[in-house]
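Working notes, structure below.
Lettering follows sequence order; numbering is per chain, from 1.
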Protein chains: 2
Amino acid sequence: MRIGELSKRTDTPVRMLRYYEARNLIVSERLHNGYRDYDDYVVDRVRQIRGLLDVGLPTRIIGQILPCLDSPITIHMPYVTPDMVATLEEVRDRMAEKIECLTKNHTAIGDYLRAAGFDAEAS
Amino acid sequence: MRIGELSKRTDTPVRMLRYYEARNLIVSERLHNGYRDYDDYVVDRVRQIRGLLDVGLPTRIIGQILPCLDSPITIHMPYVTPDMVATLEEVRDRMAEKIECLTKNHTAIGDYLRAAGFDAEAS
DNA sequence: TTTGACCCTGACATTAATGTCATCCATCGA
DNA sequence: TCGATGGATGACATTAATGTCAGGGTCAAA
């Protein structure tokens, strides 16, 4: 698909799609004219990238870990360098911290809303 | 305590503490000389702020929700405006999304590391 | 063939969170 | 009293993610 459709399907500005490509987070073929052409799997990829960005990961890190989270359960993993392992462990641990922080505050907001009489569902 | 100590106790650059104050996330008294003087509870507050920033919340939002997450279980909550309720619900929902995203990727990294033979513990 | 929708590249602006300085006041110990 | 340390304000720089334009092709439908 071309960039416009990818943009719509991922609800992501075209500008950003080109940016992600520049940061090597996604790739694209080129049509006879110079138009970018994306494979379908890129849709999910972009969504994942956005999610990670939204959660505070910088593109630099995303680019490093993305290849390791690619397929269902790691189709091809060449020699994993110790460096990469360290990075992954680091990222994994920081994610755990974030989850904890988010969970705590998510709960607190729920409690508050409930105490204030609003919003009885959706804890 | 003065800003230096707060900085150490929260592992936060002094620069940032002044910044958070400028954004109305924390407050401080002033000593006879112009030095800032912080109450003890500010330590936790700063840690919470950092956590929220780290997880992608902008200071503008943090400033809005912080007062609602202040005390153990909401000591004083004046008339909660419908606007505030809407904001809180919005933030709460976005947090849930983030938690889901993080959990998913956290798991994926764990799986990868395990599959790669590294890191057998700490799922 | 003309027009409008799409795409391309590249430059510049912006917002947020931070880093870095410079300049000056305050305090306390040697 | 001097000097080191710590604090204050304010200006300027930077990095990342994004927004916005400008100038210029592609192509299909009218």
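In the set dA17(D), dA17(C), dG7(D), the nucleotide with an atom closest to the side chain of Arg2(B) is dG7(D). Taking the side chain of Pro13(A) as heavy atoms from C-beta on, and the options dG19(D), dC8(C), dG19(C), the nearest nucleotide is dG19(D). For Arg50(B), the listed nucleotide lying nearest its side chain is dT18(C); candidates were dT18(C), dC6(C), dC27(D). Taking only side-chain atoms of Tyr35(A), from C-beta outward, the nucleotide of dT18(C), dC7(C), dC27(D) with the closest atom is dC7(C). Side chain of Arg18(B), nearest nucleotide from dT9(D), dA17(D), dT18(C): dT9(D).
In this structure, the OH atom of Tyr20(A) is 11 Å from the C1' atom of dA16(D), given to the nearest Å. With rounding to whole Å, Glu21(B) atom CD is found 12 Å from dG10(D) atom P. The CG atom of Leu53(B) sits 12 Å away from the P atom of dG19(C) (whole-angstrom rounding). In this structure, CE of Met16(B) is placed 11 Å from P of dT20(C), rounded to the nearest angstrom. The nearest whole Å value for the distance from the CG atom in Asp11(A) to the P atom in dT18(D) is 12 Å. Between Arg36(A) atom CZ and dT26(D) atom C1' there is a gap of 15 Å when expressed in whole angstrom units. If you measure from atom CG of Leu17(A) to atom P of dC6(C), you get 15 Å, rounded to the nearest angstrom. Taking atom CZ of residue Arg23(A) and atom C1' of nucleotide dA16(D), one finds them 8 Å apart after rounding to whole Å.
Scanning both residues, Val42(A) and Leu6(A), for their nearest heavy atoms gives CG1-CD2, 3.9 Å. When all heavy atoms of Arg30(B) and Glu21(B) are compared, the pair lying nearest together is NH2-OE2, 3.9 Å.
Between Arg94(A) and Glu97(A) there is a salt bridge, since a side-chain N of the basic residue sits under 4.0 Å from a carboxylate O of the acidic one.
No donor-acceptor pair under 3.5 Å is formed between the side chain of Asp37(A) and the backbone N or O of Arg2(A).
Position along DNA chain D of the nearest nucleotide to Gly34(A) versus Ile3(B) favours Ile3(B) as the more 5'-ward residue. Closest-nucleotide positions on DNA chain D for Tyr19(A) and Asn33(A) were compared, and the one nearer the 5' end corresponds to Tyr19(A).
For His32(A), a side-chain nitrogen or oxygen approaches OP1 or OP2 of dC27(D) to under 4.0 Å. The side chain of Tyr38(A) places no N or O atom within less than 4.0 Å of a non-bridging phosphate oxygen (OP1 or OP2) of dC7(C). Contact check, Thr59(B) against dA17(C): a side-chain N or O comes under 4.0 Å of OP1 or OP2.
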Working for side chain to side chain contact (heavy atoms under 4.5 Å, CB included), residues Gln48(A) and Leu69(A): CA-CA 10 Å; Gln48(A) 185 176 26; Leu69(A) 313 177; 4.1 Å; yes
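Interface remark: the Arg15(A) side chain does form a donor-acceptor pair with the dT20(D) base, using a distance-only criterion of under 3.5 Å.
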